[in-house]
Amino acid sequence: GFFKPSSGVKPEMNRNQFGGVLGGPIVRDRAFFFFNYEGFREVSKTLTFASIPTMAQRQGNLGVPIRNPITGVEYANGVVPPSAITDFARQVLAGLPEPTRAGNSNNFDSLPRQESFNDKFDIKFDQKLNAATTTFFRFSHRKVNNFEPSPIPGETSSPANNFVEVLNQQYAGGLTRVLSANSILEVRAGVNNTDAGKSALG
């Protein structure tokens, strides 16, 4: 990336992509199969920015005149007294990391670990019924297990997508028949199924 992390640690990426294919006859000149598989594993750390309250702001010093939206009390000096800060607000602020950069915006950077684990395969069968008719059946499968981290670590930050799971499956079949020297009949059907979701916990 263009920006250097405040920690001085270089972002990293480790990618592995692998797979294979296998095919051949089941019955000579009549039935055949084909199988392929691809696996994908990627672990990366990308520089991410976020805006979090400064240490002074967490103590109630906001630096600009403000008004309490609930009570209507104005703080002309921009300082919220400790008595006006609720216990819940203190817990939320205490769970945030300290800023890593100066300023009020994009003052926190990190290198969260992201994981992308995918597996997919296809299996196909072809059958020659006679000289004029052939059929096939194919099943395709794809499974995604990713971890997409929040730009701010800790329980009080947004969990973003976190654990993402996607399952894609497809069933397809067909029949081809030669009717004459200049006509052919082809019938195909397929069913797709997708099940996806995400959660803050794995």
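Only this structure's heavy atoms are used, side chains among them; waters, hydrogens and symmetry mates stay out. It should be emphasised that the depicted structure is a prediction, and the values quoted were computed from it without experimental measurement.
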Exercise. Does a side-chain heavy-atom distance below 4.5 Å link Phe34 with Asn36?
Worked result: yes
For this session: To the nearest 0.5 Å, tell me how far Leu47 CG sits from Lys4 NZ.
Result: 12.0 Å
Problem set entry | Same cluster (ILVMFWY, side-chain, under 4.5 Å), Leu129 and Val178 | no
For this session: Give a yes or no on this: more than 12 heavy atoms of other residues, nucleotides or ligands lie within 6.0 Å of atom CZ of Phe18.
Result: yes
For this session: Using a 4.5 Å cut-off on heavy atoms from C-beta on, say whether the side chain of Lys120 contacts that of Val144.
Result: no
Exercise. Does one hydrophobic cluster hold both Phe121 and Leu167, with members joined at side-chain heavy-atom distances below 4.5 Å?
Worked result: no
Exercise. Under a single-linkage definition using a 4.5 Å side-chain heavy-atom cutoff for Ile, Leu, Val, Met, Phe, Trp and Tyr, are Phe125 and Phe35 assigned to the same hydrophobic cluster?
Worked result: yes
Exercise. Given the rule in the side chain to side chain contact (heavy atoms under 4.5 Å, CB included) test, do Phe137 and Gln127 qualify, once you have shown the distances and angles that lead to the verdict?
Worked result: CA-CA 9 Å; Phe137 173 79; Gln127 175 74 45; over 6 Å; no
Exercise. Between CZ of Arg90 and CD1 of Ile85, what distance do you get to the nearest 0.5 Å?
Worked result: 5.0 Å
Exercise. Distance-only, no hydrogens or angles: does the Asn77 side chain make a donor-acceptor pair with backbone N or O of Val79 under 3.5 Å?
Worked result: yes
For this session: Please name the pair of heavy atoms, one in Pro97 and one in Arg58, separated by the smallest distance, quoted to 0.1 Å.
Result: O-NH2, 2.6 Å
Problem set entry | Within-4.5 Å side-chain heavy-atom neighbours: Asn145 and Phe163 | no
Problem set entry | Salt-bridge contact Lys124-Asp122 (side-chain N to carboxylate O under 4.0 Å) | no
Problem set entry | Glu12 bridged to Lys10 by N-O distance under 4.0 Å | no
Problem set entry | Interatomic spacing from CG in Asn104 to CD1 in Ile52 - rounded to 0.5 Å | 11.0 Å
Exercise. About how many Å separate CG of Asn118 and CZ of Arg41, when rounded to the nearest 0.5 Å?
Worked result: 8.0 Å
Seminar exercise, completed: Correct closest heavy-atom pair for Met13 and Ser44 would be CG-CB, 3.9 Å
For this session: Salt-bridge test for Lys143 and Asp195: reply yes if a basic N is under 4.0 Å from a carboxylate O, no otherwise.
Result: no
Exercise. Is the number of heavy atoms from other residues, nucleotides or ligands under 6.0 Å of Ile70 CD1 greater than 12?
Worked result: no
Problem set entry | N/O donor-acceptor pair under 3.5 Å between Asp109 side chain and Ser6 backbone | yes
Problem set entry | Transitive ILVMFWY side-chain link Val187 to Leu179, under 4.5 Å | yes
For this session: Provide the closest heavy-atom pair for Ser7 versus Leu111 in the form atom of the first, atom of the second, distance.
Result: OG-CD1, 4.4 Å
Exercise. With a cut-off of 6.0 Å (strictly less than), are more than 12 heavy atoms of other residues, nucleotides or ligands near CD of Glu98?
Worked result: no
Problem set entry | Distance in Å, Ile123 CD1 paired with Tyr37 OH, rounded so as to fall on 0.5 Å steps | 15.0 Å
Problem set entry | Expected output: side-chain Ser105 to main-chain Gly103 donor-acceptor under 3.5 Å | no
For this session: Please check if Ile152 and Leu93 belong to a single hydrophobic cluster, counting links between Ile, Leu, Val, Met, Phe, Trp and Tyr side chain heavy atoms closer than 4.5 Å.
Result: yes
Problem set entry | Residue pair Phe108 / Pro99, side-chain heavy-atom distance below 4.5 Å | no
Seminar exercise, completed: In terms of heavy-atom contacts, Asn107 and Ser51 come closest through OD1-CA, 3.5 Å
Problem set entry | Considering all heavy atoms, the nearest Asn106-Phe49 contact | OD1-CB, 3.9 Å
For this session: Measure the spacing between CZ of Arg30 and NZ of Lys128 and express it to the nearest 0.5 Å.
Result: 7.5 Å
Exercise. If we only count heavy atoms from C-beta on, is the Pro149 to Arg113 side-chain gap below 4.5 Å?
Worked result: no
Exercise. Can you find a side-chain donor-acceptor pair between Arg138 and Gln170 that sits under 3.5 Å?
Worked result: yes
Problem set entry | Closest heavy-atom pair and its distance - Phe32, Pro25 | CD2-CA, 3.8 Å
For this session: Decide whether Asn193 and Tyr171 meet the rule of one side-chain donor and one side-chain acceptor closer than 3.5 Å.
Result: no
